[in-house]
Amino acid sequence: MDTLYLVVPCYNEEEALPQSSKQMLEKLEALISKGAVSPESRILLVNDGSKDKTWEVISSLFQSSELFEGLKLSRNRGHQNALLAGLTYAKDRCDMAISLDADLQDDINAIDQFVEKYYEGCDIVYGVRSSRATDTAFKRNSAGAFYKLMTAFGVDIVENHADYRLMSRRAIEGLLSFGEVNLFLRGIAPQIGYKSGIVYYERFERVAGESKYPLKKMLAFAFDGITSFSVKPIKLITTLGVLFSALSGITLITLLILSIFYFIPSLATIASLIFLALGIQLAAIGIVGEYIGKIYLEVKRRPRFIIEEYLSRK
Ligand code: UDP
Ligand code: MG
């Protein structure tokens with residue numbers, strides 16, 4: 001029997017945790033008693049620098065059952081880093097780890113199938129949302145656009161898969177050998193390789209509290225994902241540059257010919273053309289700048305998280 005770790009990043013989840021942790025505990029106890037996973041399995045709650053009472057909740061859960069463990073990051077580092085911290089910790093203690101959100105939007109009953117797939121020999125099992133009926137129309141559409149954008153820009157990613165995922169210990173080791181500071185886990189997972197599987201599940205409403213991913217954060221996340229995995233935006237700029245040079249060349253010749261017939265372009269036309277060119281150039285420089293910014297952040301090799309406190313009996 002292999003040991004399972006449930007890795008749960010928590011940011012300001014004092015409202016959701018009391019309910020969701022109960023369901024997680026029941027799930028893990030059931031798995032242990034039916035012999036699917038070893039009694040050494042744990043639920044690892046990672047507090048991502050919450051500003052509310054999340055850590056207090058985690059501490060009392062740790063007191064209440066030996067199946068809970070806690071990890072406290074020194075400050076808020078974002079969902080991806082919190083997950084990474086949890087996986088780094090779990091790696092040496094488990095044979096497989098499943099990452100899931102604290103709000104239980106992802107059906108916890110899918111865990112049984114995840115574990116089955118693991119025993120069938122999958123090193124990575126992706127949870128894929130079969131429907132998004134309970135998400136708001138806005139969230140659904142923006143998420144749809146998100147995946148389209150990603151694939152259009154050449155990022156290899158499993159559609160409708162977020163971060164509900166099982167990874168074997170060696171898959172986690174593979175993941176951790178990607179030394180990037182800017183981590184986009186769902187983009188890296190397919191890069192690890194090994195045999196993988198898919199489990200379909202229903203996506204529910206949050207049990208309590210509200211989303212920590214407003215539109216602004218989601219757009220930033222998508223942009224980050226693209227620039228971490230693909231240089232297509234830069235190629236696009238080159239193409240645009242060539243296209244506009246060609247176009248302006250043609251325009252120039254046309255204007256020369258027209259001027260023979262006394263057509264003189266107005267000042268407004270010229271001004272707007274200048275602004276068009278200026279706008280395109282600024283956008284282009286901005287995109288290139290994004291990549292340079294990424295390089296800047298990467299070369300500094302700053303730590304992705306710092307752990308302040310462990311709650312563990314092992
Ligand atoms: N989360 C985190 N750090 C953050 C933001 C979110 O650890 O800075 C956690 C959060 O507690 C939750 C998960 O990431 O467990 C997903 O966040 P949320 O449910 O708010 O996102 P949504 O499901 O709305 O996309
Ligand atoms: Mg959620």
Side-chain angles (χ1 to χ4, degrees), residues 5-24 27 43-58 61 68-90 97-108 110-111 127-129 131-147 150 157 159-165 182-186 201-225 304-309:
Y5 258 68
L6 297 179
V7 179
V8 189
C10 311
Y11 176 61
N12 294 347
E13 298 286 7
E14 64 175 9
E15 285 172 66
L17 256 188
Q19 297 174 56
S20 57
S21 61
K22 218 171 109 204
Q23 291 186 46
M24 289 175 203
K27 180 53 59 191
I43 300 162
L44 175 65
L45 303 166
V46 183
N47 176 27
D48 183 21
S50 299
K51 293 177 179 59
D52 64 1
K53 297 226 174 337
T54 301
W55 185 241
E56 281 79 350
V57 176
I58 294 175
L61 286 170
F68 284 110
E69 289 186 348
L71 205 59
K72 185 184 185 194
L73 303 194
S74 60
R75 54 158 297 159
N76 181 249
R77 296 290 293 140
H79 173 248
Q80 301 285 296
N81 286 312
L83 206 52
L84 192 76
L87 290 174
T88 308
Y89 172 89
I98 297 177
S99 45
L100 75 162
D101 290 353
D103 56 8
L104 286 195
Q105 281 193 281
D106 303 322
D107 185 7
I108 191 160
I111 288 182
V128 170
R129 294 163 189 172
S131 84
R132 282 178 165 265
T134 52
D135 270 346
T136 58
F138 172 73
K139 182 99 193 176
R140 230 178 9 247
N141 291 328
S142 56
F146 175 88
Y147 290 108
M150 300 294 287
I157 131 177
E159 180 155 11
N160 278 331
H161 161 68
D163 282 303
Y164 193 17
R165 176 173 52 232
N182 249 297
L183 213 61
F184 188 63
L185 291 175
R186 68 189 77 165
Y201 68 91
E202 289 286 323
R203 170 106 167 149
F204 302 127
E205 310 246 11
R206 248 177 178 277
V207 292
E210 46 195 50
S211 172
K212 275 86 196 165
Y213 268 99
L215 177 67
K216 198 171 147 227
K217 260 197 188 174
M218 236 174 42
L219 283 178
F221 193 54
F223 196 68
D224 236 30
R304 295 179 276 197
F305 53 84
I306 294 170
I307 293 172
E308 184 177 329
E309 213 176 317

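Excluded from the calculations below are hydrogen atoms, water molecules and symmetry mates; all remaining heavy atoms, backbone and side chain alike, are included. When a ligand or atom number is given, it counts from 1 through the structure's own listing order.
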**Q** Under 2.8 Å from the Mg ion (ligand 2), is there any N, O or S atom belonging to Asp101?
**A**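 No, outside the cut-off.
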**Q** In ligand 1, which numbered atoms sit nearer than 4.0 Å to a non-hydrogen atom of Asp103?
**A** 19 (O), 23 (O)
**Q** Can you check whether Leu84's main-chain N or O pairs, donor with acceptor, with Asn81's side chain at less than 3.5 Å?
**A** no
**Q** For Ala82, does its backbone N or O pair with a side-chain atom of Asp48 as donor and acceptor, under 3.5 Å?
**A** no
**Q** Below 4.0 angstrom from a heavy atom of Arg203, which ligand 1 atoms are there? Numbered from 1 as shown, please.
**A** 23 (O)
**Q** Quick one: does ligand 1 sit under 4.0 Å from the side chain of Gln105, the backbone, both or neither, non-hydrogen atoms only?
**A**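 Looking at Gln105 and ligand 1, just side chain atoms fall under 4.0 Å.
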**Q** Short list, please: which atoms of ligand 1 are under 4.0 Å from a heavy atom of Ala102?
**A**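 Once the distances to Ala102 are compared, the set is 15 (O).
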**Q** Under a plain distance cut-off of 3.5 Å, with no hydrogens placed, do Gln105 and Tyr164 share a side-chain donor-acceptor pair?
**A** no
**Q** Can you sort out which atoms of ligand 1 are near Pro9, meaning under 4.0 Å from one of its heavy atoms?
**A** 7 (O), 9 (C), 10 (C), 11 (O), 12 (C), 15 (O)
**Q** Considering only NZ, NE, NH1 and NH2 on the basic side and carboxylate oxygens on the acidic side, decide whether Arg203 and Asp107 come within less than 4.0 Å.
**A**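 Salt bridge absent between Arg203 and Asp107.
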**Q** Can you measure from CG (Asp52) to CG (Leu17) and round to the nearest 0.5 angstrom?
**A**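 These two atoms lie 9.0 Å from each other.
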**Q** Heavy-atom distances under 4.0 Å are what count here, so tell me which part of Asp48 touches ligand 1: side chain, backbone, both or neither.
**A**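 The answer is the side chain of Asp48.
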**Q** Please round to the nearest 0.5 Å and tell me the distance separating atom CZ of Arg186 and atom CG of Leu83.
**A**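 Taking CZ in Arg186 and CG in Leu83, the distance rounds to 10.0 Å.
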**Q** With carbon and hydrogen excluded and only N/O/S kept, which atom of Asp103 is nearest the Mg ion (ligand 2)?
**A** OD2
**Q** How long is the gap from OH on Tyr11 to CG on Asp103, to the nearest 0.5 Å?
**A**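 If we round to the nearest 0.5 Å, Tyr11:OH and Asp103:CG are 14.5 Å apart.
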**Q** As an exercise, identify every atom of ligand 1 less than 4.0 angstrom from a heavy atom of His79.
**A** 1 (N), 2 (C), 3 (N), 4 (C), 7 (O), 8 (O), 9 (C), 13 (C), 14 (O)
**Q** Against heavy atoms of Glu13, which atoms of ligand 1 measure under 4.0 Å?
**A**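 What qualifies from ligand 1 is 10 (C), 11 (O), 12 (C), 15 (O).
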**Q** Side chain, backbone, both or neither: which part of Asn76 has a heavy atom under 4.0 Å from ligand 1?
**A**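 Looking at Asn76 and ligand 1, just side chain atoms fall under 4.0 Å.
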**Q** Verify whether one side chain among Gln80 and Asp163 offers a donor that lies under 3.5 Å from an acceptor in the other.
**A**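 There is such a pair between these side chains.
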